[in-house]
Amino acid sequence: MPRQDGKVSIVTGGGRGIGYEVVRHLARLGDHVIIGGRDEQEGLAAVRGICEENKDAKVEFRKLDLASLQSVRQFAESFKKDGLPLDILVNNAGVMLVPEGRTHDGFEQHFGVNYLGHFLLTWLLLDTLKDSGKSGCRSCVVSVSSSAHCIGEIRLNDLNSCQHYSAHAAYCQSKLAQLLFSSQLHQEMQQGGFLVSSRAVDPGMVDTALYCHLWAPLRLAQRVIARLLFRTPAEGAATVLSAVLDGSCEGGYWASGRREVTTPTTSDLQLQPSLWEVSMQLLGLQ
């Protein structure tokens with residue numbers, strides 16, 4: 001993997017699981033990495049662990065709650081005040097199969113945390129990403145999605161799952177939304193002539209805390225199966241890192257360490273801009 005000396009990265013949800021492994025490896029490559037997370041104790045413990053392992057690591061934690069648009073705005077404003085460049089943004093944090101509930105701003109949790117929170121964060125940091133790309137080294141936005149997007153359905157008239165709530169359907173919708181956003185963002189950046197790439201990544205079935213909301217008997221079965229068939233967080237992070245560190249101008253969908261073709265829905269030329277426009281309206285960006 002190429003050295004990243006002098007570069008700055010933000011990894012959401014970098015205090016544990018796949019995010020932690022991504023932070024750990026980027027720091028090892030010389031990157032200045034900022035962990036954005038809502039659990040301060042967990043984040044600071046991650047910083048200590050990485051710095052104990054690598055005394056030269058440049059890692060810090062900053063509070064970021066993706067379920068609160070105010071928190072997202074405060075995080076972005078604080079980062080920009082420091083005047084740092086931003087070469088890599090990894091939109092990794094997420095929730096899965098959580099009971100029906102709403103974010104601080106009234107959005108369904110999967111849609112609000114996995115998708116809208118990251119949409120706003122990326123938008124607020126986009127000028128910094130563009131400026132960093134001007135130096136000749138392409139900046140990159142990587143959205144950690146899931147193969148579950150394949151069975152997701154975007155309901156533009158019911159993005160908050162008010163008509164009927166299914167935790168599984170809501171999760172799949174949020175993951176498909178991430179891919180549509182990633183693809184639309186990449187097109188916007190290429191058409192504008194900016195040296196910013198946008199990619200979506202499926203890390204595979206990884207044994208992380210995301211499964212904590214499974215029904216208890218299924219959770220027990222998952223623990224057994226995970227030991228045999230699931231990837232470790234480090235293995236899941238490998239595909240994320242392959243997309244992060246690829247210096248080409250390619251966007252698209254990455255799985256198993258390489259660029260792959262996915263469902264036709266993710267390249268729907270009508271759905272992509274429609275979801276983008278609705279998201280901008282929901283976030284008050286227009």
Side-chain angles (χ1 to χ4, degrees), residues 1-51 53-54 57-67 71-72 75-76 78-80 82 84-95 113-115 117-126 128-129 132 139-146 178 181-182 185 196-203 206 208-210 232-246 254:
M1 293 183 178
R3 292 289 301 176
Q4 301 293 301
D5 300 288
K7 293 189 175 183
V8 178
S9 301
I10 293 174
V11 180
T12 68
R16 63 179 176 180
I18 293 172
Y20 175 83
E21 293 297 335
V22 170
V23 172
R24 181 168 162 261
H25 282 278
L26 287 176
R28 185 180 294 172
L29 294 171
D31 219 321
H32 174 183
V33 193
I34 297 167
I35 296 173
R38 64 178 181 177
D39 189 329
E40 185 173 2
Q41 186 174 358
E42 179 182 81
L44 293 176
V47 171
R48 286 194 300 271
I50 292 170
C51 291
E53 181 183 273
N54 175 11
K58 297 177 182 178
V59 187
E60 60 178 293
F61 170 83
R62 299 193 186 189
K63 183 81 171 180
L64 171 64
D65 183 358
L66 289 161
S71 176
V72 174
F75 177 91
S78 173
F79 175 80
K80 288 192 286 188
D82 289 344
L84 293 171
L86 181 58
D87 303 279
I88 298 166
L89 172 61
V90 183
N91 292 324
N92 163 75
V95 296
V113 173
N114 297 352
Y115 173 68
H118 281 127
F119 188 115
L120 179 60
L121 179 66
T122 305
W123 179 266
L124 295 175
L125 296 175
L126 202 51
T128 309
L129 284 159
S132 299
S139 299
C140 186
V141 178
V142 172
S143 300
V144 180
S145 185
S146 163
Q178 283 184 306
F181 163 71
S182 178
L185 176 62
V196 181
S197 295
S198 175
R199 297 158 184 158
V201 175
D202 168 25
V206 181
T208 69
L210 265 183
T232 65
E235 290 169 337
T239 290
V240 179
L241 287 163
S242 66
V244 167
L245 299 175
D246 184 282
W254 294 60

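Heavy-atom basis, side chains included; hydrogens, waters and symmetry copies ignored. Since this is a predicted model, take the numbers as computed values, not measurements.
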Legend entry - Gap separating the CG atom of Leu89 from the OG atom of Ser132, nearest 0.5 angstrom: 11.0 Å
Inset, instruction - Look up atom CG in Leu86 and atom CD1 in Ile10, then write down how far apart they are to the nearest 0.5 Å. - result: 4.5 Å
Legend entry - pair Val22-Val142: side-chain heavy atoms closer than 4.5 Å: no
Inset, instruction - Could you go through the side-chain contact (heavy atoms from CB on, under 4.5 Å) check for Leu241 and Leu26 one step at a time? - result: CA-CA 8 Å; Leu241 287 163; Leu26 287 176; 4.1 Å; yes
Legend entry - Side-chain heavy atoms of Ile50 within contact of Tyr20, under 4.5 Å: yes
Legend entry - N/O donor-acceptor pair under 3.5 Å between Ser197 side chain and Cys140 backbone: no
Legend entry - Atom pair OG/CD1 of Ser78 and Ile34 - distance to nearest 0.5 Å: 8.5 Å
Inset, instruction - Hey, could you give me the OG/CZ distance between Ser71 and Arg62, rounded to the nearest 0.5 Å? - result: 13.0 Å
Legend entry - Lys80 side chain vs Leu124 backbone, donor-acceptor pair below 3.5 Å: yes
Legend entry - Worked verdict on Val8 versus Phe79 for side-chain contact (heavy atoms from CB on, under 4.5 Å): CA-CA 11 Å; Val8 178; Phe79 175 80; 4.2 Å; yes
Inset, instruction - For Arg38, check salt bridge (charged side-chain N to carboxylate O under 4.0 Å, His left out) against everything at least two apart and list the hits. - result: none
Inset, instruction - Report yes if the side chains of Val144 and Pro203 come closer than 4.5 Å at any heavy-atom pair, otherwise no. - result: yes
Legend entry - Leu29 side chain near Leu245 side chain, heavy-atom distance below 4.5 Å: yes
Inset, instruction - Write down the atom of Gln4, the atom of Ile88, and the distance for their closest heavy-atom approach. - result: OE1-CD1, 3.9 Å
Inset, instruction - For Phe75, enumerate each residue passing the ring pair (Phe, Tyr, Trp, His ring centres under 6.0 Å) test, keeping only those at least two apart in sequence or located in another chain. - result: none
Legend entry - Contact summary for Asn54 and Ala27, nearest pair of heavy atoms: ND2-O, 3.7 Å
Legend entry - Set of residues satisfying salt bridge (charged side-chain N to carboxylate O under 4.0 Å, His left out) with respect to Asp65, sequence neighbours excluded: none
Inset, instruction - Using modelled atom types only, decide if a donor and an acceptor are shared between the side chain of Thr12 and the backbone of Ala93 within a distance under 3.5 Å. - result: yes
Inset, instruction - Answer yes or no: is there a donor N or O on one side and an acceptor on the other, between the side chain of Ser182 and the main chain of Gln178, under 3.5 Å? - result: no
Legend entry - Shortest non-hydrogen separation from Thr128 to Pro85 and the atoms involved: CG2-C, 4.1 Å
Inset, instruction - Report the residues that fulfil side chain to side chain donor-acceptor pair (under 3.5 Å) with His32, sequence neighbours left out, ordered by chain and then residue number. - result: Glu60
Legend entry - All side chain to side chain donor-acceptor pair (under 3.5 Å) counterparts of Asn92, not counting sequence neighbours: none
Legend entry - Within 6.0 angstrom of Glu53 CD, more than 12 heavy atoms from elsewhere: yes
Legend entry - Minimal non-hydrogen separation, Gly43 against Phe61, with atom names: CA-CD1, 3.5 Å
Legend entry - Minimum side-chain heavy-atom gap Leu126-Leu185 below 4.5 Å: yes
Inset, instruction - For residues Val59 and Ile35, determine if any side-chain heavy atom of one lies less than 4.5 Å from a side-chain heavy atom of the other. - result: yes
Inset, instruction - List the atom of Thr122, the atom of Asn91, and the distance in Å for their closest heavy-atom pair. - result: OG1-ND2, 3.1 Å
Inset, instruction - Would you mind checking if Asp39 and Arg16 are paired as a salt bridge, meaning a charged N to carboxylate O distance below 4.0 Å? - result: no
Legend entry - For Phe119, all residues meeting ring pair (Phe, Tyr, Trp, His ring centres under 6.0 Å), sequence neighbours excluded: Tyr115, Phe181, Trp276
